[in-house]
Each structure stands twice: as structure tokens, then as C-alpha cells.
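To keep things clear, I will list the structure first and then write my remarks on it.
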Amino acid sequence: MMKHTYIEDVGKHDGEEVTLRGWVHNKRSSGKIQFVILRDGTGYIQGVIVKNAVSPQVFADADTLTHESSIELTGKVRADSRAPSGFELDVRGLKIYQEVSKDEPFPITPKEHGIEFLMDHRHLWIRSTRQRAILKVRHEIIKAVRDFFDDDGFTLCDTPVLTPAACEGTTTLFEVKYFEDKAFLTQSGQLYNEATAEALGKVYCFGPTFRAEKSKTRRHLTEFWMVEPEVAYATVDDMMDLAERMITFVVQRCLVRRSEELKALERDLSMLEKVSVPFPRISYDEAVALLQKHGSEIQWGSDFGGGDETIISQQFDKPVMVHRYPTAVKAFYMEPDPARPEVALCVDVLAPEGYGEIVGGGQRIASYDLLAQRIKEHDLPREAFEWYLDLRKFGSVPHSGFGMGIERAVTWICGLEHVRETIPFPRMLYRLNP
RNA sequence: UCCUCAGUAGCUCAAUGGCAGAGCAUCCGGCUGUUAACCGGAGGGUUGUAGGUUCGAGUCCUACCUGAGGAGCCA
């Protein structure tokens with residue numbers, strides 16, 4: 001059996017005979033010459049089938065090919081200036097693995113479709129050029145994030161998906177049966193990260209998180225992936241340094257390795273090329289003043305709305321870091337600023353071009369007494385947090401971390417309208433299928 | 001949960017309250033360089049569901065269902 005070649009490698013085989021395997025992306029016929037566009041996940045190539053150059057059987061088989069039928073093409077690679085990729089295949093042999101029935105053709109045509117139809121056919125939609133490009137960029141972002149932390153002395157330390165209690169209250173948790181008991185799907189690995197950070201120093205977790213929020217916007221999924229670093233002895237300023245380095249690394253990596261995909265998505269690369277260290281840093285106080293100057297109704301003490309985030313991010317052409325939010329609007333574990341206890345040592349990173357918050361984090365409370373008090377103030381079940389309090393009993397240190405939502409990062413880097421295209425099978429308020 | 005909008009052929013959409021239409025997809029025919037190929041022809045409909053107004057409803061009214069966009073909340 002002939003060794004088969006991936007389309008992305010055909011350039012190495014100019015003039016040679018190769019066998020390509022994939023799916024029929026499109027087909028055009030002109031009577032005695034047929035053009036079959038083959039897709040194999042690594043690229044596209046046009047196969048040219050000339051009637052008097054192949055057997056009558058091959059020509060007849062090619063004539064019946066339907067969209068997305070799985071096939072194998074054998075022929076000679078030929079450089080051709082007319083081909084978008086620079087190469088074509090002069091087909092000699094054709095093998096059909098499975099032919100899509102003419103009675104039930106592939107539902108996604110080259111023409112336009114509505115979003116409901118596409119989402120219902122997500123399992124087939126991901127075959128499209130655009131979706132492939134997005135998923136390739138997603139992969140690159142994930143790979144870059146992991147390379148960044150791995151090369152920076154971090155240890156990947158996975159945190160549980162099944163958890164006994166809420167991190168930040170129970171209203172947004174998915175509840176599942178756990179034998180005779182009940183459990184919740186994690187909405188953050190952070191509390192466990194704090195434990196592993198005291199064991200290993202610099203750690204990160206990378207996994208799915210779940211939020212049962214009834215949010216119906218272009219920025220929300222109920223199941224999304226998050227990377228969360230946590231560093232012992234680190235301050236909120238250290239986190240800002242880390243976050244801007246990580247984001248810059250990820251964007252640069254995408255520009256180097258996925259520029260073809262980003263161009264296919266018609267992403268304005270000049271916006272991504274501006275992403276470099278350092279990012280602008282403004283305090284919450286400064287952000288509120290900025291917003292009021294631009295007509296926002298916001299008052300000191302409230303959290304930003306989506307519109308507020310857009311206004312802030314549009315003032316800068318890089319991601320902007322907003323730090324020291326009011327303690328009252330942040331999670332119970334946030335360390336108050338010793339100089340101003342009414343604000344917390346936390347930071348959000350807002351992506352440019354109105355893409356909103358992609359990173360949130362900060363310094364965690366190190367004091368046993370203060371943490372115990374906050375758990376009480378937030379009406380959290382003390383018993384469930386005993387182990388978490390232990391971390392302040394046995395060698396407590398200042399420590400900080402943050403979380404980055406992968407899908408939001410992908411949305412921004414790809415320049416998309418909606419997070420639903422950034423994950424192979426999105427889970428949203430009204431979408432659990434396919 | 002609230003607000004706004006939408007639902008017509010497999011898909012994307014037209015149709016002043018008066019005969020249910022087009023493009024794509026599919027099928028048949030034509031074409032030796034097509035790039036969402038093109039040209040000719042054919043088949044394809046319980047207009048989301050249930051009521052109501054009207055001589056007559058895809059169109060107007062009510063309720064419901066489904067979806068989309070936004071708000072709140074968040075990454």
C-alpha cells in the first residue's frame with residue numbers, strides 16, 4: 001500500500017506521485033475535465049481529473065462524487081500558479097471510502113447559513129475553512145500558554161472538577177449526584193491552586209470550568225476552559241508583570257505560527273502586533289474618573305458594566321490592566337490594600353477593541369483571622385473551608401494568581417463576534433447539543 | 001429573570017390583507033481550466049404551534065414554542 005501524504009506537505013513532492021486522503025470540499029465539472037477540491041484538515045488542494053488521462057471507471061466515479069464524501073486521490077503533484085496553494089494534483093487514481101448519499105446531501109453548503117442551523121450542525125460545521133482556522137488558533141493559544149508557564153518554572157498541577165463546595169457561593173454552580181451525596185462542578189481551580197502553590201511554589205491548572213449563570217451574551221459559555229497560575233510569595237504587582245508577559249508571549253506566538261489562519265479570519269494583524277510589554281496600568285479610581293469623563297453613569301463603588309469595559313479598553317491600543325477595585329465588589333479571598341483597606345489588591349486585564357475582561361486575579365488574603373472573618377461575612381459554610389484556612393495556619397505567605405478564560409482570549413485574538421465559535425462544542429444557556 | 005427582534009422549500013431570503021416565489025443545494029442535460037464555476041431543464045410547501053378578526057391571513061390580533069441580540073452576573 002502506498003504511503004499517504006498530507007496536503008500541507010505536497011510542496012515537498014513536486015513532480016512526484018502521492019496519495020492524498022480526505023474529504024470532498026467542492027467539485028466542478030466541465031464535461032471532459034473535473035476539478036475536485038480535497039480537504040484533509042491540513043489544507044486544501046485541487047485535483048484535476050481529465051477524461052482521456054484516466055480510466056473510464058475513475059472518471060465515472062469522480063462524476064458521482066458528492067460534498068464531504070471521504071476519498072483517496074492518487075496522482076502527480078504539479079506546481080501551478082493558478083492554484084491558491086501553489087500546487088495541484090493530476091489525478092490518476094480515485095478510491096471512495098464512503099459516498100455521501102444524494103438523497104441526504106451534506107447540509108452545510110458553500111452559501112450562507114443562519115446561526116441556529118449552524119449550531120445544530122456544529123459537528124459538521126467545524127469542517128469549514130473558517131472554523132478550522134479558529135480551532136487551529138485556539139490550539140496555538142493553549143500550546144503557547146502551556147509552553148510559557150512550563151518554561152518559566154511553573155508546575156502543572158491539576159485541580160478537581162468535582163468539588164464539595166462553592167468557591168464563591170452556590171447560585172452559579174452545577175450540582176451533580178455523587179453517590180448518596182451531592183457535588184458541584186468546579187467554577188475555578190483557584191482555592192486548590194493556593195494549596196499546590198504552598199507545595200510547589202509556582203503552579204498552574206488548566207481545565208474546564210462550569211458556571212450555571214443564566215447569562216445570554218456573546219461573551220458567555222456555561223462550560224469554558226481556564227488557565228490559572230498561582231505563585232507563592234507573589235504580590236499583585238508580580239501578577240501584572242506575569243499576565244502581561246504571558247499575554248504578549250501568546251499573541252506573538254500566534255502571529256508567528258498562525259498568521260495564515262488569522263489572515264483567513266480577516267483579522268487586523270496590526271492590532272495584535274501592538275501587543276507588547278508593558279501594558280498600561282490604571283487604578284480603579286482612575287478608571288472611574290475616565291469613565292465619568294466619557295459619559296458613564298458609574299459611581300465609585302460599583303463594578304463595571306460591559307459598556308464600561310468597552311469604553312476603558314478603547315482608550316488604549318494594548319490590553320489595559322485595571323487594579324485595586326473596591327473590596328466590597330470582589331470575592332471574599334481578595335487581600336485588601338494595607339494602605340487603603342477599602343480597595344483590594346486585585347487586577348483585571350481588559351482586551352483591546354472592546355473585547356472586555358480576559359484575565360482576573362490578584363493577591364489572596366494571607367491572614368488566618370481576616371480570612372475567617374471574610375468567610376463569616378459572606379455567609380459561607382465554615383466547615384467546607386477548614387482546609388483552605390489551614391493554608392493560613394501552616395506557613396502562610398503572601399501569594400497571588402490569576403485566571404484567563406481561553407475562549408475569550410481566542411475571541412479577541414481571532415477578532416470574532418461571539419465566543420461560541422472558539423470551542424469545538426459550545427455549551428451555553430440554551431445550547432447543550434450536539 | 002427582564003427588554004427587543006425573528007420564525008415561509010434541505011439552506012438563505014422575497015411576497016401592498018387578494019394565484020406560494022427566487023438563488024443555492026439535489027436530480028437530468030451541456031461544456032477540456034473551473035475557483036461560492038457557468039448555461040438549459042425538473043422535482044421540492046400543513047408559511048413554528050393553537051386560537052381569533054376578515055368575503056379572504058404568510059401578512060392583522062392574542063397566547064404559547066423555538067431561536068437571536070442585549071441587560072444583570074461573570075472569565
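Below, chains carry the letters A, B, ... as their sequence lines are ordered, and counting in each starts from 1. Treat the numbers as computed from the prediction; the structure is a model and nothing was measured.
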query = NA contact type, K216(A), heavy-atom cut-off 4.0 Å: base, sugar-phosphate, or nothing?
reply = base
**Asked** Do the charged groups of R374(A) and E377(A) touch, with an N to O distance under 4.0 Å?
**Response** yes
| query | With a 4.0 Å cut-off on heavy atoms, is R431(A) in touch with a base, just the backbone sugar-phosphate, or nothing at all? | reply | nothing
Can a side chain N or O of K102(A) be found less than 4.0 Å away from OP1 or OP2 on rU26(B)? no
By the Watson-Crick or G-U definition, both distances under 3.5 Å, rA68(B) is matched with rU4(B)
Pairwise P distance, rC24(B) and rC39(B) [rounded to whole Å]
8 Å
So does K51(A) pair up with D63(A), basic N to acidic O under 4.0 Å? no
Across the strands shown, which category fits F117(A) at heavy-atom distances under 4.0 angstrom: base, sugar-phosphate, nothing? sugar-phosphate
Crowding at CD, E16(A) (>12 non-hydrogen neighbours, <6.0 Å):
yes
Applying the 3.5 Å cut-off to both distances, the Watson-Crick or G-U partner of rA22(B) turns out to be rU12(B)
When rounded to whole Å, the CD to P distance for the pair E213(A) and rA75(B) reads 8 Å
Q | Under 5.5 Å and under 30°: F224(A) stacked on rA75(B) | A | yes
For rG40(B), the nucleotide meeting Watson-Crick or G-U wobble distances (both under 3.5 Å) is rC28(B)
Discussion item. Using a heavy-atom cut-off of 4.0 Å across all strands, would you classify R78(A) as base, sugar-phosphate, or nothing?
Written reply: base
Distance criterion of 3.5 Å, no angle test: do you see the side chain of Q46(A) paired donor-to-acceptor with the base of rU34(B)? yes
Worksheet entry | Check ion pair R281(A)-D241(A) (N to O, under 4.0 angstrom) | yes
